[in-house]
Number of protein chains: 2
Amino acid sequence: MTTTKRGRPRSFDREVALVQATLLFWQHGYEGTSVADLTAAMGISPPSLYAAFGDKRALFTEVVDRYGSTFGAFMGNALAEESDARTGFARMLDEAAVSYTDPTHPAGCLVISAATNYSPATADVERDLRTRRAANIGSFEERLNEAKALGSLPAGTDTRALAVYFAAVVQGLSQQARDGATTEELRRVAAYAMAVWPDPSS
Amino acid sequence: MTTTKRGRPRSFDREVALVQATLLFWQHGYEGTSVADLTAAMGISPPSLYAAFGDKRALFTEVVDRYGSTFGAFMGNALAEESDARTGFARMLDEAAVSYTDPTHPAGCLVISAATNYSPATADVERDLRTRRAANIGSFEERLNEAKALGSLPAGTDTRALAVYFAAVVQGLSQQARDGATTEELRRVAAYAMAVWPDPSS
DNA sequence: TGGATTTTACAGCGATCGCTAAAGAATGCG
DNA sequence: CGCATTCTTTAGCGATCGCTGTAAAATCCA
């Protein structure tokens, strides 16, 4: 019943190769990373890449999926694990400031910066990332609506605008990190940004 | 003394061609816009483009310079024309929300979004835009320091962090606009963002 | 051991990239 | 007019793009 692996075994670690690809796409974006760059970093030849991952587009999708469940997981975690919404958003922004400037990997957020200049050839890649960002805003708004229902946000709060605001701040932090801002600078920015949180007694 | 123009006259309007190039670079970014795209939009052949503008890189620089004195001029104007700093920043954010979603031209800010994915080949382009963004933050900080000296900001205000905050919000507005946010949405975000402004009585 | 299976490296496909040599066309000057 | 000057078009340069045909190498099963 147990089926054994037939044929010549793969000569490289698929997971390690995926991490290498992640770092390249993260730093240079989808268009800015060539298949030659990828194969060089992975230490394999093009046919091996195509056999293991499909094509460049499919590899990128796999990279982004993995990114969301690893480097990008702090966002959802902060909102989900903190019972107080305000504390959750504050933690999310502060952790973004720290993560986006972490010197052990490229700066900023891959989902935000990997496909910003949409040419016709990469329109679907951009649409994909845009959809993920929209889903993010949706989860922000959902969390804010929850808080409003519980009374920790004023009844008149414009949760849609507030959700877009937080998304904009996160994107701003990502861009600033890529522009060379320091961790401490961005943490202070994150702290400032939380001053927008509406007074629940109003 | 007056030197007359010799040789065959140019068959296209240089200013009009520059605007066409601006729209392309604005929408698709530096790398995402090919010379073939440019010549097609301008209605000219490659040698004419190179004779009139140098090369793709020089054309882009000219486009960005022109952008700063036209589409992007509202920023400096808002800060310079309003005697009250808070009013100036509020106006800047609100006008950014309107301008970045103006349907008569591509969404967002060209300086922010035209070169985000830095490959080795375009490293100097990115450095150029990064320098311009840094100069922007510097002018923000300068304006805030001025306000602090005049007492319209608390003495303990972290003007550096506040300047980076406003830059981050502007970049967030640009990104959100490119992601399809509406004018009204972004204006509400801009209004929310001003809540960070420190209470001068504290 | 022989055959089926899978991955490997080598080489190169057509298309596009930024850019330019070459020669003809349109002007002002003398 | 004849010449110098400048812009024009045609055509194509070498390099790189994403991707693949081909055949040898390495494994498991019978």
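Just so it is clear, the values below take in all heavy atoms, side chains as well, and ignore hydrogens, waters and symmetry mates. Letters A, B, ... are given to chains in the order of the sequence lines, protein chains preceding strands, and every chain is numbered from 1.
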Tell me the interatomic distance from [X], atom [atom1], to [N], atom [atom2], rounded to whole angstroms.
X: A:Leu38; N: D:dC17; atom1: CG; atom2: C1'; result: 13 Å
X: B:Arg14; N: D:dT6; atom1: CZ; atom2: C1'; result: 15 Å
X: B:Ile44; N: D:dT6; atom1: CD1; atom2: P; result: 18 Å
X: A:Met42; N: C:dT8; atom1: CE; atom2: C1'; result: 16 Å
X: B:Glu31; N: D:dC17; atom1: CD; atom2: P; result: 10 Å
X: B:Asp37; N: C:dC17; atom1: CG; atom2: P; result: 6 Å
X: B:Asp13; N: D:dT8; atom1: CG; atom2: P; result: 12 Å
X: B:Tyr50; N: C:dA21; atom1: OH; atom2: C1'; result: 14 Å

(Q) Can you see whether A:Arg57 engages A:Thr61 through a side-chain donor-acceptor pair at a distance of less than 3.5 angstrom? (A)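 On atom types as modelled, these side chains qualify, holding a pair under 3.5 Å.
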Q. Can A:Thr131 and A:Asp128 be counted as having a side-chain donor-acceptor contact under 3.5 angstrom?
A.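 Side-chain D/A pair, A:Thr131 to A:Asp128: absent.
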Proximity to the side chain of [X] - top-ranked nucleotide from [options]:
X: A:Lys56; options: D:dC19, D:dC29, D:dC17; value: D:dC19
X: B:Arg10; options: D:dT8, C:dT7, C:dG18; value: D:dT8
X: B:Arg6; options: D:dA4, C:dC17, D:dT8; value: D:dA4
X: B:Ala36; options: C:dC17, D:dT20, D:dT6; value: C:dC17
X: A:Pro9; options: D:dC29, D:dT9, D:dA26; value: D:dA26
X: B:Ser34; options: C:dG24, C:dC10, C:dG18; value: C:dG18
X: B:Ser11; options: C:dC19, D:dT8, D:dC17; value: D:dT8

(Q) Can you confirm whether or not the ring centre of B:Tyr165 sits under 6.0 Å from the ring centre of B:Phe140? (A) no
Q. Which comes earlier along DNA chain D counting from the 5' end, the contact point of B:Gly7 or that of B:Leu49, where each point is its nearest nucleotide?
A. B:Gly7
Q: Determine: side-chain N/O of B:Ser48 to OP1/OP2 of D:dT8, distance under 4.0 Å, yes or no.
A: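 Answer yes for this pair, as a side-chain N or O of B:Ser48 is under 4.0 Å from OP1 or OP2.
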Q) Nearest nucleotide by nearest heavy atom, which residue falls closer to the 5' end of DNA chain C, A:Pro46 or A:Ala51? A) A:Ala51
Q: Measure the acute angle between the ring planes of A:His105 and A:Trp26, then classify it against the limits of 30° and 60° as parallel, tilted or perpendicular.
A: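 Rings of A:His105 and A:Trp26: parallel, as their planes differ by under 30°.
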Q: For the residue pair A:Tyr100 and A:Phe74, categorise the inter-ring angle as parallel (less than 30°), tilted (30 to 60°) or perpendicular (more than 60°).
A: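 Plane angle over 60°, so perpendicular.
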Q.
Does B:Ser45 reach a base, just sugar-phosphate, or nothing at all? Heavy atoms under 4.0 Å.
A.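 Answer is base: heavy atoms of B:Ser45 come under 4.0 Å of a base.
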Q: Answer with base, sugar-phosphate or nothing: what part of the nucleic acid does A:Thr33 contact at a heavy-atom distance below 4.0 Å?
A: sugar-phosphate
